[in-house]
Each structure stands twice: as C-alpha cells, then as structure tokens.
Amino acid sequence: MIDSLRCFVAAVDFGSLSKAAVQLDMTVSSVSRKINALENDLKARLLLRSSRQLVLTDAGERFLPRARNILAELDDGRNAVQELESEPHGLLTVTAPSAFSRMHVTPAIAAFLRRYPLMEIDLHASDDVVDLTVHRVDVALRMGTLPDSDLVATRLVGMNRIVCASPCYLEQHGYPKAYEDLLSHRCLTVTGRTAPQGWWRFEGVNNNHPLAVKGNFRCDNSDSLLHAAIDGVGVAHLANWLVSDAVVSGQLVPLFPMDPIERSEAPTLRPLGEPAIHAVHMPGRSNQVKAKIFIQHLKDYIGCPPYWDLALEKAGAGTLRPTV
C-alpha cells in the first residue's frame, strides 16, 4: 500500500508515469501496476492516463492530500525512531523576541550546541510574531498569554513585571509611596504597538485597570526602554527576565515588593490566563523530535524558579527599600 501511495503521488507531482518511474527507480510498468492496485483497493479511478498527460479524477483530487499526509506521517515516524537511536543532528530554526534572544536564548543555544555538536541553529531575533504556518520555523518563543491555535505550546516559565527606576532618577524625583503616585512620575511607555499584557496594571489598584501613566519617552522596543530607565529617563515597568541583571548590579531599584517567586510547576498554582513565556511548534513537521529536545533544553536551562528570579532573590531585591 505504501509503495502504491508513493507511486500515485510521484505520478501526480511529475506529470507522467515515466518521470515518476525514474524518480522512484522503478520500471514504468511497475509504477502503473502499483497505481492500479491502489485504485482497485479504493474501488475508484484516481488518474485518467493517456500517452501525453495524467489527469486527476474527482476521487483523485480528494484522495491526493490524504495520501500526502499519510506519507508525511510515515516519514516523520521513521525520522522520530531514527533520531531516538542516534545523536540529534541537522538544522533547527528558532525565533524569539530580540531582547530575550540577546539575554537568554543565545546563551542557552551555546549550551545546547556544546551538548549536541551535530546540531545547527538558525536564530531569528525579532519582536514580530512569526506565523509558523507560513514560515518554516521549528520553534518560536512567545511572551504573554497565548491565543487559541493549532500550535503545540510548552510553558517554560511564568512572567512578572517589576516597577523600577535608576538611583539618579530617584534622587531627583523621589520614591513613589503607592502605585497611584506613579501618575505624577515620568513613566516609560510603549508606542507603535499594543501595550503588553499587565502593562502598568496592579492588583487592587484602579479597579484592576492600567494606570494612565505619562512620560516624555515612549518606544516600541523593550531593550531601549530598559536602557532609558538605567540612564534615568523615567520609571519602567518591565519583565523580570529583562531587568534582573540591572537590578542585581544596582543600576535599577525596584520600587515595590515583587511578586512571589514561582517555585512549582503545578498547574493548580497558576492563575487562569497568567502571562508566561512559551515555546511553540507546529505539529506534524519533520523536525518535531529535535524541536522537543530543544524546548526541553530551554526549560531545563531556565529552571524553576528561573535563574533570573533566583539572582534577584539572592541580591535581596524588592524586599527592602534602599536609601537613595
């Protein structure tokens, strides 16, 4: 049956039995017999054959995509078995937001390639959300709450935001004593795209709606907002993974107690719709086994709690308000 399917698909792809026979390293008569056997098994004519051309029947049109799917699933299964028996090798294409790529994905990839030296990684660092159904991307890292889709998603870690400012900004403008005080401070905001989930929103404040903060600097790039905050331009509300190094080094100071550090992967501990960092991939693609190995590596590399939160905790960030 499998040989018959391959002969049928090859005949359609190459437009003739003779070309399909060359591609499959078979005789023309053998290809013809295989297709005849398939048609007899299905009790339907799939191809109208003449000396000049092949034409799909209505039954053939309906059956062709299913035949392709069967062969693709078989090839994926064969690849999966072979990859389990051998060291992972070959190319994997990954996309991730720019700042997260620079700070966390690139070091993780370096460790991955040391562990699997036969692998190759193409990393595309971009804040654009890549459509995996259109572009040949094996793994995409996504921030926030995922929309419903056919993608297979693996939650890597939760994501919190930290309100912080540089010591020089606080010397000049003082500390906000409550979240509502941020309305009178210069706050760094996003422009050019929809604000990230949770942006300037705090539990129990302003009826859980975002505060209408203002400032004299706006940007559509989180890395630029980070450096603006370090340079004293204003107060930032940025992801823990983005600001952890700057907080630990003293370049930024957390202004309010931070959310509890995630210490368990138990689903019951997670609020519904909680923002998180996910790795997503398309089901049924040939690199699915390698994608799963890479995603598990990312999950292990980040850890639970994530290493950036452990660094914040070790530095005592967010527990005591420093004097500035």
Side-chain angles (χ1 to χ4, degrees), residues 92-115 119 121-130 137-146 154-166 188-190 193 195-199 217 219-254 258-259 261-262 274-280 294-318:
L92 203 66
T93 302
V94 179
T95 182
S98 299
F100 194 70
S101 294
R102 175 180 62 83
M103 299 182 69
H104 304 291
V105 178
T106 300
I109 287 175
F112 181 78
L113 293 177
R114 286 194 294 270
R115 183 176 180 182
M119 286 291 299
I121 301 288
D122 274 1
L123 174 62
H124 298 272
S126 172
D127 292 330
D128 295 332
V129 177
V130 177
V137 173
D138 298 304
V139 178
L141 301 187
R142 302 276 169 83
M143 305 286 177
T145 302
L146 292 179
T154 300
R155 183 184 184 278
L156 299 179
V157 69
M159 188 174 68
N160 299 317
R161 293 189 178 278
I162 298 175
V163 181
C164 53
S166 70
L188 309 179
T189 57
V190 69
R193 58 185 173 90
Q197 184 176 6
W199 189 262
F217 181 71
C219 184
D220 62 355
N221 179 269
S222 57
D223 217 8
S224 296
L225 292 174
L226 169 66
H227 288 284
I230 291 172
D231 289 337
V233 177
V235 180
H237 190 209
L238 297 172
N240 50 352
W241 58 262
L242 181 61
V243 302
S244 59
D245 287 349
V247 170
V248 170
S249 67
Q251 294 175 293
L252 292 176
V253 178
M258 294 184 295
D259 292 336
I261 291 178
E262 176 179 320
E274 172 207 40
I277 302 172
H278 293 85
V280 300
F294 178 72
I295 290 170
Q296 185 59 50
H297 170 81
L298 285 177
K299 194 173 181 66
D300 294 340
Y301 185 89
I302 292 171
C304 184
Y307 62 82
W308 49 77
D309 276 351
L310 290 177
L312 288 168
E313 182 181 59
K314 184 177 180 179

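Any value given below was found using the heavy atoms of this structure, including those in side chains, with hydrogens, waters and symmetry copies removed. FYI, the numbering just counts along the sequence from 1.
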Fill in: Heavy-atom side-chain contact between I230 and L252 under 4.5 Å
yes
Discussion item. Any non-hydrogen side-chain atom of H124 less than 4.5 Å from a side-chain atom of V137?
Written reply: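 Not in contact.
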Give the minimum heavy-atom separation between [X] and [Y], together with the two atoms involved.
X    : Y    : value
L225 : W199 : CD1-CH2, 3.8 Å
A239 : R161 : N-NH1, 3.7 Å
L226 : A246 : CD1-CB, 4.4 Å
A229 : L188 : N-CD1, 3.6 Å

How long is the gap from [atom1] on [X] to [atom2] on [Y], to the nearest 0.5 Å?
X    : Y    : atom1 : atom2 : answer
D127 : D220 : CG    : CG    : 8.0 Å
D138 : F294 : CG    : CZ    : 10.0 Å
S98  : M103 : OG    : CE    : 13.0 Å

Using the test side-chain contact (heavy atoms from CB on, under 4.5 Å), find all partners of [X] that sit at least two apart in sequence or belong to another chain.
X    : value
A111 : R114, H297, Y301
S244 : W308, L312
A279 : V139, L141, L156, I295
M143 : P97, F100, M159, W241, I277

Test side chain to side chain donor-acceptor pair (under 3.5 Å) applied to [X] - qualifying residues, sequence neighbours left out:
X    : answer
H104 : Y307
R102 : D223
D300 : Q296
S224 : N221

So does [Y] get a backbone contact from the side chain of [X], meaning a donor-acceptor N/O pair under 3.5 Å?
X    : Y    : value
K299 : V157 : no
T93  : D122 : no
S166 : Q251 : no

Worksheet, complete the sentence: So salt bridge (Lys or Arg N to Asp or Glu O under 4.0 Å) across residues 228-239, not counting sequence neighbours, yields none
Worksheet item: Which pairs with one or both residues in residues 301-311 pass salt bridge (Lys or Arg N to Asp or Glu O under 4.0 Å), sequence neighbours excluded?
Response: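 Residue pairs with at least one partner in residues 301-311: there are none.
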Worksheet item: In this structure, which one of I109, L92, T95 forms a side chain to side chain contact (heavy atoms under 4.5 Å, CB included) with L123?
Response: I109
